[in-house]
2 protein chains.
Amino acid sequence: MSETLRPLRRNEIRQQNEALICQAAEKVFAEAGFGGATMQLIADVAGLPKANLHYYFPTKEHLYRRVVRDIFEIWLQAAEAMDSAPGPVEGIGAYIEAKMEISRRHPDGSKVWAYEVMHGAPVIQDYLETTLRDWTSGRVRLIERWIAEGKMARVDPEHLLYMLWAATQHYADFGHQIATLNGQPLTDADWQRATDSVKTMILRGIGAV
Amino acid sequence: MSETLRPLRRNEIRQQNEALICQAAEKVFAEAGFGGATMQLIADVAGLPKANLHYYFPTKEHLYRRVVRDIFEIWLQAAEAMDSAPGPVEGIGAYIEAKMEISRRHPDGSKVWAYEVMHGAPVIQDYLETTLRDWTSGRVRLIERWIAEGKMARVDPEHLLYMLWAATQHYADFGHQIATLNGQPLTDADWQRATDSVKTMILRGIGAV
DNA sequence: TCATAGCCTGACCAAGTGGTCAAGAAAATT
DNA sequence: AATTTTCTTGACCACTTGGTCAGGCTATGA
């Protein structure tokens, strides 16, 4: 697969092929779901023989697990934007921007995540119960502090978080529906307007100036 | 399948079995996606031999098409709540309530719909381009009128609709995630609080008193 | 009562599925 | 150069899948 002249080192080969496979798998899993995706198709997209996938990932489920985990990492990373902010305008504003950017850059990842959760999170249940729950309760406390400090209206913090997730991820998961109603895929300007709309409505909705 | 004493009439048999199959199919498609669902499992859930499914629905895709269409109908029906309202507070408030109720009563249907759209809407593309587009542009005009009449803030109507869909359907599609974070499935009171939260945040977000 | 049309289903099939494996190619190590 | 370790892959297998079909069953209409 490599176009490099110098022969590849072992580590490079492994890293490169795993990345290639993950990339193909993310696309195929997003397009067909776990059950509908086939190792053969993933192999074709990656441009590798099927047996090679099984060399790097023993089973289809191992590969899927890896894809979902990668997405989860990216997704949690956007959270950091929220922490170092003095108030909801900056914090939640930055979080919305970060999540909208992810929806735009990693729509397939978002779909695989959605697929996984929709089907009962068989693979990442433990993540939900540990990492995500911890993160959530931390953010709930942050929001409660902002409310106590009079920086925003008294809203239910959990449901605010759900709304943030829903509104931003919708642009990835339902991107096809949006593009159809829009008559064409969203342009740069469309994405800017979408982000502004979400920010404006939510920030006003929580009474943050 | 029937417990009726009197033998069933032809029409009844057909109607009853089709409903039974659709019900089972909705559940299985929601749990496994189109690719992951098997006719055998749908048959088992319906309590019918597999060959019988193929008597009523020639192919798996026909059955799936039917399930998605049924959901689409329910989903559009909630729209009517919005029309006969004097302003956004009543109209959008009622729409949110109706859609939250659907998320609660038909979570499987919502998931199948999400699954279908996420995967490029291969089956219901025409619905998106005709019925949904027409409905959307009608609602956009309604919102624009409310804005012109000073009944709400100047927001982008399309993105308001997306936010309504996202926020309400999230409680169905990501119900498992929410239940996990909540520690248990939402109770009646939880659903009430969720609905109130969504209503409050969105209505304030669009500047409707 | 009898013929007809609609309903039911066990047994079957061709086409894929995830996964294995042995034998070879390539890089690393000695 | 020789050897060991990692990587590559065509061929293969047991199993499941959607879908078929012949033949039996049951309600209906004459």
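In the text below, chain A, chain B and the rest are named by the order of the sequence lines, each starting its count at 1.
Among C:dG19, D:dT9, C:dG10, the nucleotide with an atom closest to any side-chain atom of B:Pro49 is C:dG10. For B:His54, taking side-chain heavy atoms from C-beta onward, the closest of the listed nucleotides C:dT9, D:dG19, C:dT20 is D:dG19. The side chain of B:Lys60 sits closest to D:dG19 out of D:dT9, D:dG19, C:dC8.
Each of A:Val155, A:Ile202, A:Thr168 was checked for a side chain to side chain contact (heavy atoms under 4.5 Å, CB included) with A:Met163, and the lone residue meeting it is A:Ile202.
Spacing between atom CG of A:Asn52 and atom P of D:dT6 amounts to 16 Å, rounded to whole angstrom units. For the pair B:Met39 CE and D:dT20 P, the computed distance is 10 Å after rounding to whole Å. Regarding A:Leu53, its CG atom lies at a distance of 13 Å from the P atom of C:dT20, rounded to whole Å. For the pair B:Tyr55 OH and D:dG19 C1', the computed distance is 17 Å after rounding to whole Å. Summarising the geometry, the separation between CD on B:Gln40 and P on C:dT9 is reported as 13 Å, rounded to the nearest angstrom. Rounded to whole angstrom, the span from the CG atom of B:Asp44 across to the P atom of D:dT16 amounts to 14 Å. Distance B:Tyr64 OH to D:dG19 C1': 20 Å, rounded to the nearest Å. Rounding to whole angstrom units, CG of residue A:Leu20 and P of D:dT8 are separated by 11 Å.
Within the 4.0 angstrom heavy-atom criterion, only backbone atoms of the sugar-phosphate kind lie near A:Ala37; the bases stay farther away. Counting any heavy atom pair closer than 4.0 Å across all strands shown, B:Tyr56 reaches sugar-phosphate atoms only and no base atom.
In this model, a donor atom of one side chain and an acceptor atom of the other lie less than 3.5 Å apart for A:Gln40 and A:Asp44.
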Review point. Step by step, would you call B:Leu181 with B:Ile178 a side chain to side chain contact (heavy atoms under 4.5 Å, CB included)?
Key: CA-CA 5 Å; B:Leu181 292 177; B:Ile178 291 174; 5.9 Å; no
Review point. Would B:Glu31 and B:Lys111 satisfy salt bridge (charged side-chain N to carboxylate O under 4.0 Å, His left out), going step by step from the backbone distance to the final call?
Key: CA-CA 8 Å; B:Glu31 277 172 7; B:Lys111 282 174 193 165; over 6 Å; no
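Along DNA chain D, the nucleotide closest to B:Asn11 and the one closest to B:Gly35 are compared, and the more 5′ of them pairs with B:Gly35.
Residue-to-nucleotide contacts include a donor-acceptor pair under 3.5 Å from the side chain of B:Lys50 to the base of D:dG19.
Between A:Asn17 and the phosphate of D:dT8, there is a side-chain N or O to OP1/OP2 separation shorter than 4.0 Å. The phosphate of D:dT6 (OP1 or OP2) has no side-chain N or O of A:Arg14 nearer than 4.0 angstrom.
A salt bridge is absent between A:Arg139 and A:Asp134: the closest approach of a Lys/Arg side-chain nitrogen to an acidic carboxylate oxygen does not fall below 4.0 angstrom.
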